[in-house]
Amino acid sequence: MVFNRRAHFEEAENTPSNPNLQQPIGKIIERRYSRRGFLKGAGYGGLGVAAIGAMNPLTAAIASESDTLDRFAFEEIAHGVDTTHHVAEGYNADILIRWGDPLFAEAPTFDPHDQSADAQERQFGYNNDYVGFVPLEGRFDHGLLVVNHEYTNEELMFPGLPGPLDAHDFSGMTREMVEIEQAAHGVSVVEVKREAGRWHYIQDGRHNRRITPRSTEIALSGPVAGHDRVQTDADPEGRTVIGTLNNCAGGTTPWGTILTCEENFHGYFLGDAESHPEKDKLERYGVPGHSYAWGDFDRRFDISREPNEPNRFGWVVEIDPMDPQSTPVKRTALGRFKHEGAANMLTEDGRLVVYMGDDQRFDYVYKFVSRDVVNRADPAANRDLLDHGTLYVARFHDDGTVDWLPLEHGQGPLTEENGFASQADVLIDTRQAADALGATPMDRPEDVEGNPATGDVYVMLTNNDERTESQVDAVNPREDNTFGHIIEIITDGSHTATQNRWEVLVQCGNPADGDVGAMWNPATSDDGWFAAPDNCAVDARGRLWVTTDQGSNWPKSGTADGVWALETEGERRGTGKMFFRVPVGAEMCGPCFTPDDTAFFVAVQHPAADGIEAFEGHDGRSSFENPATRWPDFHGGMPPRPSIVSITRQGGGTVG
């Protein structure tokens, strides 16, 4: 079987590395239900395990709620799986930019049979995930898109590549291919503009830029900068890293910079962990992951030759998109783990809080609170704001409260006697520090997003099919939790508080299947439920939009991934509504609105990759060599490429 890059990352995310699994979030949810009571009359608090497990939540709710006001005005689309994308009636969904599209005047036109690393560094990168929009001159119809390029699928991007490839056999990979892969990773900054109602990208825009792990210098800042555990032969001072990789989600700061997040960095390293001086520390992060051949050709990614290089990845990186000559910065005060996102909220006293998830089964939710107040009048004054502050990890309680535990050297168990000689050690070993504090292991926390309109914070818990029967002995007996759920943290206006409250917003999956144990508002239609929430966005009106990533599990739901509107307030709280659907095998990510809600950008990542063998009529892997996958209704008959799609209302107006 051909090695599937995404499937390998899924396996890594599925495999817990956390030894502290005494109190997974599933056990807490068993004893906690919605204070807002959208399942009114269910009486869950007094029901036994057997009774609750057999109950379909739809039958337990008040049917009259389905007649209440719908804040989302679009006509819902239907579940399904095919080779193109679909959007709600009355909207245009246009492919804005694709892998390989030239960003600069001298960049060549994309040709899959004539690729080079130099060309790829001047072209739009591969699998696109997070999307951020930065207005130019205050205009909402002209701005910069900042896009993460998370990873590459060699078996799809290189025509004629022999195989099968797997995690330890990279037959056919060459130095040139590895450099092309490196050039396809990282970040793209591209100027975009709306004209005659449609968005297009501007080739050779003056802000256009590629940031890659092949060639871009990135500074280390904060408590870890210069520490001996980040020093290498190439960087003996421990202050400059070449590149950023596996960039998943992110965030935009109030002063207009972008935070891009390094997630599954472990997979890029080869070598022998047994003889490594930090063997136990590496194991907690899954290093080396043996997912790429980079270490065969680039010594940085061989831990036997550069033992400290893994400590230089797994950070949040700040980028100034307005200055193409600026040096991106890895902000180490925000901790080192498999970052999914970095959602920004202003605190009640004007400081910045950044909410983050560590995307692996049984890992944690974090927040960082800056020491200093944001200067909104002078963006330059915030240049080092993210180097000073307190990183916290969450411990959830069954009484509906959540404690934020400070990851501060010298406090509690975070002492030299326990292996933390300094704050730099606490941050390099963030996972171990959180373990020591007794944080709550979660069901793979992905995006975490705040709602400025309410102050609430939404946590996407995509799934946990590693949960065993012994870990789920109460209300939601999903020892094989394929479908995930969403938690809401209620801040009551205080993001600096060390204790907040929490609720379950929805438990995902098909509510018509009583064995699934899904929880939705009864107003949710047959197409309004979804599985595996991944990324999310809150629009200017305070409404939540959720994108999904089922991976190769999409046949279990019977529908491709997409975008759903999800009501969070009032009697329709917990009601889903399907807005957009991706082609088979793709992941839906990167939801991003312009500030006036007149455009909605989404990222269609790795189309024709995940679970493609289950698609009816499929005949071989999607490649440039296989005519069976040259879909005529997608990209002009070429095999599908990762793309950014712009969605606008026909005739103008706001989306949704």
Side-chain angles (χ1 to χ4, degrees), residues 96-97 103 124-125 127-150 185-194 199 201-202 205 207-211 218 244 246-263 315-324 326 328-329 331 334 339-346 352 354-357 379 382 386 446-450 452 534-540 545 547 563 588-605 642-647 655:
L96 177 61
I97 192 168
L103 297 183
F124 192 69
N127 279 328
N128 33 239
D129 199 296
Y130 173 77
V131 180
F133 178 82
V134 179
L136 287 174
E137 299 177 347
R139 294 175 57 180
F140 300 151
D141 61 353
H142 187 195
L144 303 178
L145 283 189
V146 184
V147 181
N148 286 351
H149 301 294
E150 186 176 2
H185 277 70
V187 178
S188 290
V189 180
V190 56
E191 187 174 349
V192 295
K193 192 172 185 179
R194 186 176 64 215
W199 286 84
Y201 86 92
I202 298 175
H207 297 92
N208 288 6
R209 184 182 189 185
R210 283 301 318 284
I211 296 168
I218 297 182
T244 180
N246 210 263
N247 300 77
C248 199
T252 303
T253 68
W255 53 93
T257 60
I258 297 292
L259 302 181
T260 177
C261 298
E262 297 177 333
E263 191 189 21
W315 304 102
V316 173
V317 185
E318 185 174 13
I319 298 169
D320 182 358
M322 299 298 292
D323 182 2
S326 61
V329 181
R331 301 293 182 186
L334 277 68
H339 290 269
E340 172 75 19
N344 291 217
M345 295 282 282
L346 285 174
L352 190 73
V354 183
Y355 288 97
M356 300 169 285
N382 305 304
L386 292 173
E446 297 226 33
D447 211 357
V448 184
E449 193 72 37
D534 186 339
N535 297 137
C536 63
V538 176
D539 64 23
W545 301 74
T547 67
V563 180
M588 183 82 271
C589 45
C592 173
F593 286 88
T594 54
D596 61 355
D597 288 348
T598 58
F600 189 22
F601 302 105
V602 293
V604 178
Q605 186 172 194
S643 307
I644 302 299
V645 173
S646 61
I647 301 174
V655 175

Engineer: Considering all heavy atoms of both residues, which atom of Pro254 and which atom of Leu346 are nearest to each other, and what is their separation?
Structural biologist: CG-CD2, 4.1 Å
Engineer: Only counting residues at least two apart or in another chain, list the ones meeting ring pair (Phe, Tyr, Trp, His ring centres under 6.0 Å) with Phe124.
Structural biologist: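 Result, ring pair (Phe, Tyr, Trp, His ring centres under 6.0 Å) vs Phe124: His149.
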Engineer: Kindly give the heavy-atom pair with the smallest separation between Ile258 and Val146, and that separation in Å.
Structural biologist: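 Smallest interatomic distance, heavy atoms only, reads CG1-CG2, 3.7 Å.
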Engineer: Nearest heavy-atom pair of Ser188 and Arg210: which atoms, and what distance?
Structural biologist: OG-CD, 3.0 Å
Engineer: Write down the atom of Glu318, the atom of Leu386, and the distance for their closest heavy-atom approach.
Structural biologist: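 Closest heavy-atom pair between Glu318 and Leu386: OE1-CD1, 3.9 Å.
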Engineer: For Tyr355, give me all partners under ring pair (Phe, Tyr, Trp, His ring centres under 6.0 Å), at least two apart in sequence or on another chain.
Structural biologist: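 Applying ring pair (Phe, Tyr, Trp, His ring centres under 6.0 Å) to Tyr355 gives His495.
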Engineer: Determine the sole option in Asn246, Val317, Val316 for which the side chain to side chain contact (heavy atoms under 4.5 Å, CB included) test with Glu262 is passed.
Structural biologist: Val317
Engineer: Of all residues at least two apart in sequence or in a different chain, which pass the salt bridge (charged side-chain N to carboxylate O under 4.0 Å, His left out) check with Asp141?
Structural biologist: Arg139
Engineer: Using the side chain to side chain donor-acceptor pair (under 3.5 Å) criterion, which residues pair with Trp199? Sequence neighbours excluded.
Structural biologist: none
Engineer: Examine distances only and state if a side-chain atom of Asn208 and a backbone atom of Leu103 form a donor-acceptor pair shorter than 3.5 Å.
Structural biologist: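 Pair found, side chain donor or acceptor close to backbone of Leu103.
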Engineer: Any side-chain heavy atom of Ile218 sitting closer than 4.5 Å to one from Trp315?
Structural biologist: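 Of all side-chain heavy-atom pairs linking Trp315 with Ile218, none is under 4.5 Å.
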Engineer: Do you know the tightest heavy-atom contact between Gly590 and Val131?
Structural biologist: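 Closest approach of Gly590 to Val131, heavy atoms only: O-CB, 3.4 Å.
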Engineer: Using salt bridge (charged side-chain N to carboxylate O under 4.0 Å, His left out) as the criterion, list what pairs up with Asp597, not counting sequence neighbours.
Structural biologist: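 Applying salt bridge (charged side-chain N to carboxylate O under 4.0 Å, His left out) to Asp597 gives Arg541.
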Engineer: Under a 3.5 Å cutoff, is there a donor and acceptor pairing between the side chains of Arg194 and Thr598?
Structural biologist: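 Yes, Thr598 and Arg194 have a side-chain donor paired with an acceptor closer than 3.5 Å.
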Engineer: Sequence neighbours left out, what passes side chain to side chain donor-acceptor pair (under 3.5 Å) with His207? Give chain and number order.
Structural biologist: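 For His207 there are no side chain to side chain donor-acceptor pair (under 3.5 Å) partners, ignoring immediate neighbours.
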Engineer: Please name the pair of heavy atoms, one in Gly341 and one in Ala249, separated by the smallest distance, quoted to 0.1 Å.
Structural biologist: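 Gly341 and Ala249 have their closest heavy atoms at CA-CB, 3.7 Å.
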Engineer: CE of Met345 to CD of Glu449: how many Å apart, nearest 0.5 Å?
Structural biologist: 8.5 Å
Engineer: Given side chain to side chain contact (heavy atoms under 4.5 Å, CB included), test Tyr130 with Thr252 step by step and report yes or no.
Structural biologist: CA-CA 11 Å; Tyr130 173 77; Thr252 303; 3.1 Å; yes
Engineer: Got a donor-acceptor contact below 3.5 angstrom from the Asn535 side chain to the Thr547 backbone?
Structural biologist: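 Pair absent, no side-chain N/O of Asn535 close to backbone of Thr547.
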Engineer: Measuring from Leu259:CG to Thr253:OG1, what's the distance to the nearest 0.5 Å?
Structural biologist: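 Nearest 0.5 Å value for the CG-OG1 distance: 6.0 Å.
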Engineer: Going through the checks in order, is the side chain to side chain contact (heavy atoms under 4.5 Å, CB included) test met by Ile319 and Val187?
Structural biologist: CA-CA 10 Å; Ile319 298 169; Val187 178; 4.0 Å; yes
Engineer: Does the side chain of Asp129 pick up a donor-acceptor pair with the side chain of Gln605 at under 3.5 Å?
Structural biologist: yes
